[in-house]
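Below: one structure, written as structure tokens.
Quick note: numbers below take in every heavy atom, side chains included, and nothing from hydrogens, waters or symmetry partners.
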Amino acid sequence: RFWARVHSSLVPGTAVTLSIGAVEVVRGDRQSFLVTTNANGAPIRMVFDTGAPVVVLTPRDAVRAGFDPERLAYNRLVQTANGTTQAASGSIGRLKVGPIERTNVQALVAKPGNLTTSLLCMSFMDRLTSFSIASDRLTLVDYEARRALAWPTAAKARRRTSGRAVSSRASSDRICR
């Protein structure tokens with residue numbers, strides 16, 4: 001874990017696993033969190049942005065994530081800091097930050113020339129247990145991953161318990177905290 005944190009400080013944006021279901025990303029030189037994600041198997045760098053409701057991909061990143069540029073219809077009006085523009089609606093089948101994964105994440109594809117870096121926004125973040133920023137570190141927490149990994153451990157604990165009734169749910173909750 002120590003070397004992973006050193007690496008994340010040297011390579012900002014790299015998600016470092018803190019514990020089961022929790023990752024940390026170090027802020028880069030640009031004073032924003034440039035997060036390395038994985039969209040449908042393609043590594044994509046995205047700026048962490050809580051001001052937008054939906055993940056937004058550049059056209060180039062959309063192609064890397066498996067979107068067919070010929071099938072994109074730029075018919076959705078979106079308001080940006082630079083005014084109104086158009087985007088195409090879609091969905092990212094699998095979006096990951098480190099070990100945290102979400103499926104069928106709502107996304108937009110920016111019209112060519114309107115966006116230089118993809119945005120990691122609330123359609124991903126709202127599906128996490130929590131996220132927080134402290135100084136130059138962004139922490140993402142996903143208790144679903146903790147429960148999924150803790151469940152087999154809880155089942156083993158229940159089997160080993162002789163003469164005491166211990167529910168799997170109670171063991172799982174205790175392990176997750």
Could you give the side-chain donor-acceptor pairs of residues 85-99 under 3.5 Å, partners two or more places apart or in another chain?
{"from": "T85", "atom 1": "OG1", "to": "N114", "atom 2": "ND2", "distance (Å)": "2.4"}
{"from": "Q86", "atom 1": "OE1", "to": "K111", "atom 2": "NZ", "distance (Å)": "3.1"}

Begin with the C-alpha distance, continue with both residues' side-chain angles, and end with the deciding distance and a verdict on side-chain contact (heavy atoms from CB on, under 4.5 Å) for F67 and L72. CA-CA 8 Å; F67 286 78; L72 293 174; 3.9 Å; yes
Tell me, do S118 and R60 make a side-chain contact under 4.5 Å, heavy atoms counted? no
In residues 120-133, what donor-acceptor pairs under 3.5 Å come from side-chain atoms, sequence neighbours left out?
{"from": "S123", "atom 1": "OG", "to": "V55", "atom 2": "N", "distance (Å)": "2.9"}
{"from": "S123", "atom 1": "OG", "to": "Q106", "atom 2": "O", "distance (Å)": "2.8"}
{"from": "R127", "atom 1": "NH1", "to": "T103", "atom 2": "O", "distance (Å)": "2.9"}
{"from": "R127", "atom 1": "NH1", "to": "N104", "atom 2": "O", "distance (Å)": "3.3"}
{"from": "R127", "atom 1": "NH2", "to": "T103", "atom 2": "O", "distance (Å)": "2.7"}
{"from": "T129", "atom 1": "OG1", "to": "Y143", "atom 2": "N", "distance (Å)": "2.8"}

Got a second to check how far R45's CZ is from T58's OG1, nearest 0.5 Å? 13.5 Å
In Å and rounded to the nearest 0.5 Å, what is the CG to CZ distance from L108 to R76? 4.5 Å
Kindly determine whether V78 and T84 satisfy side-chain contact (heavy atoms from CB on, under 4.5 Å), including the steps that lead there. CA-CA 6 Å; V78 292; T84 303; over 6 Å; no
For the atom pair OG (S32) and CG (L119), what is the distance rounded to the nearest 0.5 Å? 10.0 Å
List for me each residue that meets side-chain contact (heavy atoms from CB on, under 4.5 Å) alongside P112, sequence neighbours excluded, and say none if there are none. P59, Y74
So which atom in F48 and which in V35 form the shortest heavy-atom distance, rounded to 0.1 Å? CB-CG2, 4.2 Å
Got R64 and I44 here, is their nearest side-chain heavy-atom distance under 4.5 Å? yes
